[in-house]
Amino acid sequence: MTHTTPFDWRPFLDRWSGEWSDSLPDDETQSEEDEAARRDRWLGFPPASEERIAAMEERLGRRMPPSYREFLKVSDGWQHAGEFIWLLAGTMDARWHNNESGLAEIFEQYLDDAAGPAERRDAELWRRGLQLDVESDATHVLLDPEDVDEDGEWAVYTWASWRAEPPERHANFVEFMRGMYREFHSLQARPADGEPEFANDTTRELDALMEQARLEALRGNWERAGHALDEAKEYGRPRAAGLGDQIRRLLGQTYMVYFEDVVTDPQYAPELLPALVAEHAAHSYRDDSTLMFHLQGAGDDLVSLAYATLEQVRNGTYRYTAAGPFGEAVERARELARWGNTDGAWRTLMDALPEWRPLGPDHLAPLGWVADPLLGPLLTPERGRELLSTPRAGQAGEAPSPTAGLDPDNLAWLADPDPYDITSYRFVLVEGVKPQDLPGRLADGNEAALGDPMTFDEARHRLLSGQREFSSYDDKALTAVGRAGTRWSFAFDGNPAHFGPQRFVSPAAAASAGTRAVVVWGGLRTWRGEPFFHLSVAQDGAEQYAFTYADGEIRRTGEIPRALDPDRFFGAGKEATEAEQSLLEAVTGEFGVQLPRYAITNGRLHTFTTRSWTRPPENGEVYGVITMNWDAAR
């Protein structure tokens, strides 16, 4: 069994008492007890003798845990343990709670059949716990004789109904008292108007710790910096939460991240407001009252900026900018992300990050970019750690290893067992043509224009919300566009209609004027849900070769290269999914193409609607047309 070194109570309690005494306003009348404690600079009582402690233990029928025993030898009780416990029990006042509060029944009524041993033990706490709170603001403090560690220490639980939270556990009495000391500091850290600043050796040590943490963060030592800032936050040091939140946000820990104190500073608002606003927009459902809650103390100009930024984030027009070389890299990265090269965009940002400069001493990393519709999707927890580990702002440190790219250099990922919610797909590849030129080859009229970058779901919702007529013979594809390698561009549809080989018309020929074009349609969505695969290749406006595998048969035209010969992939005993993956690998090798998985599944790309992929109906073919009158429906 291991034993910890006994805690030295006297200097800790002396410091707490002195700081409490100095925190009292000179012009306020104190109670007789508080005035005596202030004068003596001592919140405690005379020490308890060993005989007195033994008598207590005989009365209670249990030996007290070591840290509480040692505390009693220094002070037989304590006043103002935090803000809400006015008197903590000594040897005479500690007693078994025995459900005096009636809370056991209240906690038990929330238990269900799925409740585990820990939850049931918590409910029983009110029957077995040793009560230490004597006078408090409806706050209970119980030592738990059944939650004991290897050193014989009992856990301490605190609970207050007005906090609407489950009981808080402290590993032992030392940790409980340290927590109450931090609570005292936290509540004193922000004096009211006219009150003197709460400053003492502890606050000065913490502020020096925060300054060191700031430098550590800029050197890439974000874990060490985060621990120091979290400690300062527990003591309520101003701006500690705002600094730590910058680290948490880049790690993807968005819950309860508000950049407190820092976001309302006009110096830092251009970087921090967008990140705060973007998270609000993602979860607010148009209720903007909570945004103002996190901007308390902000001036009118900053509030106006917040709402203007919120509108830009919601309509997808927010654009992140930065100064200097890093700002130039931001523009290059946005252009790469715009056409699907998210890996290249990320590397562009990381290569320029050492040149980034903060807006002031409380700015630890670039953050506004997470609200940019093109740059924001680049962030993953792994990439956030890479950013935080990179020395910047002129600080020296060891550069981290680059995170692995998120895009495979092939097409075969489309045949993976549905990890990206893509069970069927179709796409057009055009050689030597810019992505923005694809609508002119694959669409007509007003549809031959790119929409703003957005996700597939956003683009589909926008398309359907404005569509009034739906035809069973028309099969226009909503496609996202981007670069498919160094020489190719793509138009990709990840949610096509069912494949019907009888009426299908490949867009390859129309797309190939003056160049080459490749069309692939694969997946499991025939009318009967069976696997199929289509490939067609055209050049200079004419189809060169094509094949379609459907219903277990292969239909082909033209001279198909051996590398793409469907007989090599489909046949007796061959799984269709394996054939699909092998074919996609073959297409990759034959044309040197790839599709950016991350941009397609997680990013935002320009979109447009192609011409129909099916021919018009012929004589005798039946089809339906549905016309919606949205005005009448409303």
Side-chain angles (χ1 to χ4, degrees), residues 110 160-166 186 190 233 236 238-321 366-381 384 421 451-467 601-604 607 630-631 633-634:
Y110 292 108
S161 58
W162 44 266
R163 280 180 171 160
E165 296 175 351
S186 180
R190 302 170 186 273
K233 176 185 175 182
R239 308 175 92 82
L243 287 167
D245 279 354
Q246 296 175 51
I247 295 175
R248 282 182 282 273
R249 181 63 184 86
L250 288 170
L251 295 174
Q253 301 168 6
T254 59
Y255 177 67
M256 299 291 284
V257 168
Y258 307 123
F259 311 110
E260 184 180 346
D261 293 336
V262 186
V263 72
T264 53
D265 187 329
Q267 183 176 11
Y268 303 105
E271 277 277 357
L272 303 184
L273 259 184
L276 177 68
V277 162
E279 188 65 16
H280 170 84
H283 301 99
S284 64
Y285 305 105
R286 299 286 173 169
D287 177 9
D288 296 333
S289 59
T290 55
L291 179 61
M292 279 307 303
F293 179 79
H294 302 304
L295 294 176
Q296 292 183 10
D300 292 341
D301 290 345
L302 194 142
V303 170
S304 297
L305 176 62
Y307 280 103
T309 304
L310 177 60
E311 182 178 0
Q312 292 174 342
V313 168
R314 280 181 171 152
N315 61 31
T317 61
Y318 173 73
R319 297 292 181 269
Y320 173 67
T321 60
L367 270 160
W369 63 272
V370 303
D372 189 294
L374 289 173
L375 299 178
L378 301 180
L379 183 63
T380 65
D421 198 28
D452 295 330
M454 60 186 69
T455 66
F456 266 125
D457 288 343
E458 291 168 343
R460 191 175 298 114
H461 175 77
R462 181 173 296 188
L463 176 66
L464 294 178
S465 65
Q467 192 169 346
T601 58
N602 294 84
R604 288 180 170 88
T607 60
W630 297 114
D631 295 332
R634 285 193 291 267

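Remember, predicted model here, so these are calculated numbers, not experimental data.
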Can you name the residues that form a salt bridge (Lys or Arg N to Asp or Glu O under 4.0 Å) with R163, not counting sequence neighbours?
E183

Could you list the residues that satisfy salt bridge (Lys or Arg N to Asp or Glu O under 4.0 Å) with R604, not counting sequence neighbours?
E458

Going by side chain to side chain contact (heavy atoms under 4.5 Å, CB included), name the residues that satisfy it together with [X], two or more places apart in sequence or in a different chain.
{"X": "F456", "result": "R460, A480, F492, I600"}
{"X": "A240", "result": "M210, A232, K233, R237"}
{"X": "T317", "result": "Q312, N315"}

Could you list the residues that satisfy ring-ring contact (aromatic ring centres under 6.0 Å, His included) with Y318, not counting sequence neighbours?
none

H280 meets the ring-ring contact (aromatic ring centres under 6.0 Å, His included) criterion, sequence neighbours left out, with none

By the salt bridge (charged side-chain N to carboxylate O under 4.0 Å, His left out) test, which pairs, at least two apart or in different chains, include something from residues 288-314?
D288-R314

Salt bridge (charged side-chain N to carboxylate O under 4.0 Å, His left out) contacts in which one or both residues fall within residues 263-272, not counting sequence neighbours
R239-D265

Would you check if [X] and [Y] make a side-chain contact, meaning some heavy-atom pair closer than 4.5 Å?
{"X": "L251", "Y": "P381", "result": "no"}
{"X": "Y307", "Y": "V277", "result": "no"}
{"X": "L243", "Y": "F259", "result": "no"}
{"X": "L375", "Y": "V370", "result": "no"}
{"X": "L276", "Y": "L295", "result": "yes"}

Heavy-atom pair with the smallest gap, counting every atom of [X] and [Y]:
{"X": "P373", "Y": "R319", "value": "CG-NH1, 3.5 Å"}
{"X": "D261", "Y": "P238", "value": "OD2-CA, 3.7 Å"}
{"X": "Q246", "Y": "V262", "value": "NE2-CG1, 4.4 Å"}
{"X": "T264", "Y": "A298", "value": "CG2-CB, 3.9 Å"}
{"X": "N602", "Y": "P377", "value": "O-CB, 3.7 Å"}
{"X": "P274", "Y": "A269", "value": "CD-O, 3.5 Å"}

Using the side-chain hydrogen bond (donor to acceptor under 3.5 Å, both in side chains) criterion, which residues pair with E260? Sequence neighbours excluded.
R190

Under the rule for side-chain hydrogen bond (donor to acceptor under 3.5 Å, both in side chains), what residues qualify as partners of T254, not counting sequence neighbours?
E279

Derivation of the side chain to side chain donor-acceptor pair (under 3.5 Å) call for D287 and S289:
CA-CA 6 Å; D287 177 9; S289 59; 2.9 Å; yes

CG on L273 to CG on L305, rounded to 0.5 Å:
5.5 Å

Using modelled atom types only, decide if a donor and an acceptor are shared between the side chain of D245 and the backbone of Y258 within a distance under 3.5 Å.
yes

